[in-house]
A.B. asks: 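The structure under discussion is supplied below as C-alpha cells; questions concerning it will follow.
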Amino acid sequence: MKITILCVGKIKEDFYKKAVCEYVKRLGRYCKLEIIEVSDEKTPDSASLALEKQIKEKEGERLLRYVRDDMYVIALAIDGVSLDSLQMSQKIEELGISGKSSVAFVIGGSLGLSSRVLKQADMRLSFSNMTFPHQLMRIILLEQIYRSYRIINHEPYHK
C-alpha cells in the first residue's frame with residue numbers, strides 16, 4: 001500500500017525532524033510512504049475570519065494539487081470520527097483488502113483545512129478534541145500508522 005501524508009508547512013525543529021525520520025524508517029518495511037509538504041501562509045495575529053478563510057483556501061488548493069482520483073483521502077479534523085488504535089489498524093487493513101492501494105492523510109496548517117479539502121475527503125479522522133501543533137500531529141499520525149501495521153501483522157506493540 002502507498003501512504004501519502006499531505007501537510008501544510010515544513011518541520012523546522014530538529015527534534016521533530018528526527019522523530020519523523022525514525023517513523024519513516026520503521027514504516028519502510030510495511031508500506032511505501034511519501035510525505036508531501038506544501039507551503040503555509042503567514043497568518044497575522046489579528047486576522048479576520050475572512051482572511052483566515054482565504055488563507056485556508058490557498059493552503060487547501062496547494063494540498064488538492066496532490067490528490068489523485070485513485071486515493072482514499074482521510075482528512076484530519078477535530079469534527080471527524082475518533083478511532084482507537086485497533087480500529088485504525090482495521091481501517092487501514094480494510095482499505096487494502098478492498099483494493100485501495102493509495103491512501104492520503106491530509107494535515108492542515110495552523111488554521112485547519114479548507115471546506116473544499118474537507119468535502120473532497122472520503123473520511124474525516126479526529127485524534128482528539130484538543131488542538132495540536134501541525135508538526136507534532138505529523139509525528140502522532142506516523143506513530144499510529146506504524147502501530148496499525150504492527151497490529152495488522154500481529155507484532156508486539158505498546159498498549
Side-chain angles (χ1 to χ4, degrees), residues 1-21 23-24 27 31-85 87-92 94-96 98-149:
M1 178 177 282
K2 179 174 183 188
I3 294 187
T4 303
I5 298 177
L6 298 172
C7 42
V8 175
K10 293 193 178 297
I11 292 186
K12 297 171 185 87
E13 296 84 356
D14 197 44
F15 59 94
Y16 284 148
K17 286 180 185 178
K18 287 179 181 175
V20 168
C21 286
Y23 282 109
V24 167
L27 281 163
C31 65
K32 184 176 179 185
L33 179 70
E34 180 179 25
I35 298 174
I36 298 173
E37 300 172 329
V38 302
S39 60
D40 55 346
E41 292 288 314
K42 298 289 182 211
T43 306
D45 289 336
S46 58
S48 66
L49 290 177
L51 179 58
E52 286 184 359
K53 182 180 179 189
Q54 188 178 35
I55 288 168
K56 286 196 292 188
E57 293 302 323
K58 283 182 184 178
E59 292 173 346
E61 286 173 25
R62 290 180 191 134
L63 290 166
L64 289 172
R65 285 186 203 135
Y66 294 96
V67 173
R68 297 183 325 272
D69 290 339
D70 67 331
M71 288 178 159
Y72 185 89
V73 179
I74 301 173
L76 274 58
I78 287 177
D79 66 345
V81 305
S82 294
L83 302 177
D84 62 27
S85 296
Q87 291 168 322
M88 173 88 161
S89 70
Q90 290 167 341
K91 182 66 179 179
I92 290 173
E94 177 185 295
L95 288 169
S98 70
K100 291 288 184 188
S101 60
S102 187
V103 176
F105 290 90
V106 185
I107 303 172
S110 60
L111 299 174
L113 292 167
S114 70
S115 59
R116 193 164 155 235
V117 171
L118 293 171
K119 283 179 193 161
Q120 195 157 336
D122 296 294
M123 175 183 176
R124 292 184 192 184
L125 177 63
S126 174
F127 277 78
S128 173
N129 287 329
M130 294 182 214
T131 302
F132 297 103
H134 52 280
Q135 300 93 333
L136 180 58
M137 195 63 239
R138 193 178 315 182
I139 295 161
I140 294 169
L141 173 62
L142 285 166
E143 191 281 331
Q144 284 300 302
I145 294 169
Y146 173 70
R147 184 179 296 264
S148 292
Y149 277 108

A.B. asks: Tell me whether the count of non-hydrogen atoms from other residues, nucleotides or ligands lying under 6.0 Å of NZ in K10 goes above 12.
C.D. replies: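 Not buried by this count: 12 neighbours or fewer within 6.0 Å.
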A.B. asks: Using the side chain to side chain contact (heavy atoms under 4.5 Å, CB included) rule, take M71 and T4 through it: C-alpha gap first, then chi angles, then the decisive distance, then the call.
C.D. replies: CA-CA 9 Å; M71 288 178 159; T4 303; 3.8 Å; yes
A.B. asks: Under 3.5 Å, sequence neighbours excluded: what are the donor-acceptor pairs made by side chains of residues 125-138?
C.D. replies:
unit_1, atom_1, unit_2, atom_2, d
S126, OG, I78, O, 3.2
S126, OG, S128, N, 3.3
S126, OG, S128, O, 3.2
S128, OG, M130, N, 2.9
R138, NH1, E37, OE2, 2.6
R138, NH2, G9, O, 3.0

A.B. asks: Measuring only between side-chain heavy atoms, which start at C-beta, is K18 closer than 4.5 Å to I139?
C.D. replies: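 SC-SC contact between K18 and I139 ruled out.
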A.B. asks: Write down the atom of L118, the atom of A75, and the distance for their closest heavy-atom approach.
C.D. replies: CD2-CB, 4.0 Å
A.B. asks: With side chains defined as the heavy atoms from C-beta onward, is the minimum distance between Q144 and S85 less than 4.5 Å?
C.D. replies: yes
A.B. asks: Between E61 (side chain) and K58 (backbone), is there a donor-acceptor pair under 3.5 Å?
C.D. replies: no
A.B. asks: Looking at CD1 of I35 and CG of L142, how far apart are the two atoms once the value is rounded to the nearest 0.5 Å?
C.D. replies: 5.0 Å
A.B. asks: When rounded to the nearest 0.5 angstrom, what distance separates CG in L111 from CD in Q54?
C.D. replies: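 Spacing of CG (L111) from CD (Q54) equals 11.5 Å.
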A.B. asks: What distance separates S148 OG from I3 CD1, expressed to the nearest 0.5 Å?
C.D. replies: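 The OG atom of S148 sits 8.0 Å away from the CD1 atom of I3.
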A.B. asks: What closest approach, in Å, do L141 and F105 show between heavy atoms, and which atom pair accounts for it?
C.D. replies: CD2-CB, 3.5 Å
A.B. asks: At their closest point, which heavy atom of C7 faces which heavy atom of L63, and how far apart are they?
C.D. replies: N-CD2, 3.8 Å
A.B. asks: Any chance you could lay out the salt bridge (charged side-chain N to carboxylate O under 4.0 Å, His left out) test for R62 and E59, step after step, and finish with the verdict?
C.D. replies: CA-CA 5 Å; R62 290 180 191 134; E59 292 173 346; 5.4 Å; no
A.B. asks: Is there side-chain contact between I5 and I36, with heavy atoms separated by less than 4.5 Å?
C.D. replies: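 Side chain of I5 against side chain of I36, heavy atoms only: no contact under 4.5 Å found.
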A.B. asks: Contact between M123 and V81 at the side-chain level, heavy atoms closer than 4.5 Å - yes or no?
C.D. replies: yes
A.B. asks: Please examine the side chains of L6 and V38, heavy atoms only from C-beta on, and report whether any two atoms are closer than 4.5 Å.
C.D. replies: no
A.B. asks: If the threshold is 4.0 Å, N to carboxylate O, is there a salt bridge linking E52 and K56?
C.D. replies: no
A.B. asks: Any chance you could lay out the side chain to side chain contact (heavy atoms under 4.5 Å, CB included) test for Y72 and S102, step after step, and finish with the verdict?
C.D. replies: CA-CA 6 Å; Y72 185 89; S102 187; over 6 Å; no
A.B. asks: For the residue pair Y23 and L33, establish whether any side-chain heavy-atom pair is separated by less than 4.5 Å.
C.D. replies: no
A.B. asks: Check whether any side-chain heavy atom of V103 lies under 4.5 Å from a side-chain heavy atom of M1, and answer yes or no.
C.D. replies: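 Yes. Closest side-chain heavy atoms under 4.5 Å.
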A.B. asks: Which is it for V73 and R68 under the side chain to side chain contact (heavy atoms under 4.5 Å, CB included) test, yes or no, and what are the steps along the way?
C.D. replies: CA-CA 9 Å; V73 179; R68 297 183 325 272; over 6 Å; no
A.B. asks: Between SG of C31 and CD1 of I145, what distance do you get to the nearest 0.5 Å?
C.D. replies: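 Answer rounded to 0.5 Å: 7.0 Å.
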A.B. asks: Excluding sequence neighbours, so at least two apart, what forms side chain to side chain donor-acceptor pair (under 3.5 Å) with K17?
C.D. replies: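 For K17 there are no side chain to side chain donor-acceptor pair (under 3.5 Å) partners, ignoring immediate neighbours.
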A.B. asks: Any side-chain donor-acceptor pair under 3.5 Å between R147 and S89?
C.D. replies: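 Per modelled atom types, R147 and S89 side chains form no pair under 3.5 Å.
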A.B. asks: Per the side chain to side chain donor-acceptor pair (under 3.5 Å) rule, what does the pair list look like for residues 110-122, sequence neighbours excluded?
C.D. replies: none
A.B. asks: Are the side chains of V106 and I74 in touch, meaning some heavy atoms are under 4.5 Å apart?
C.D. replies: no
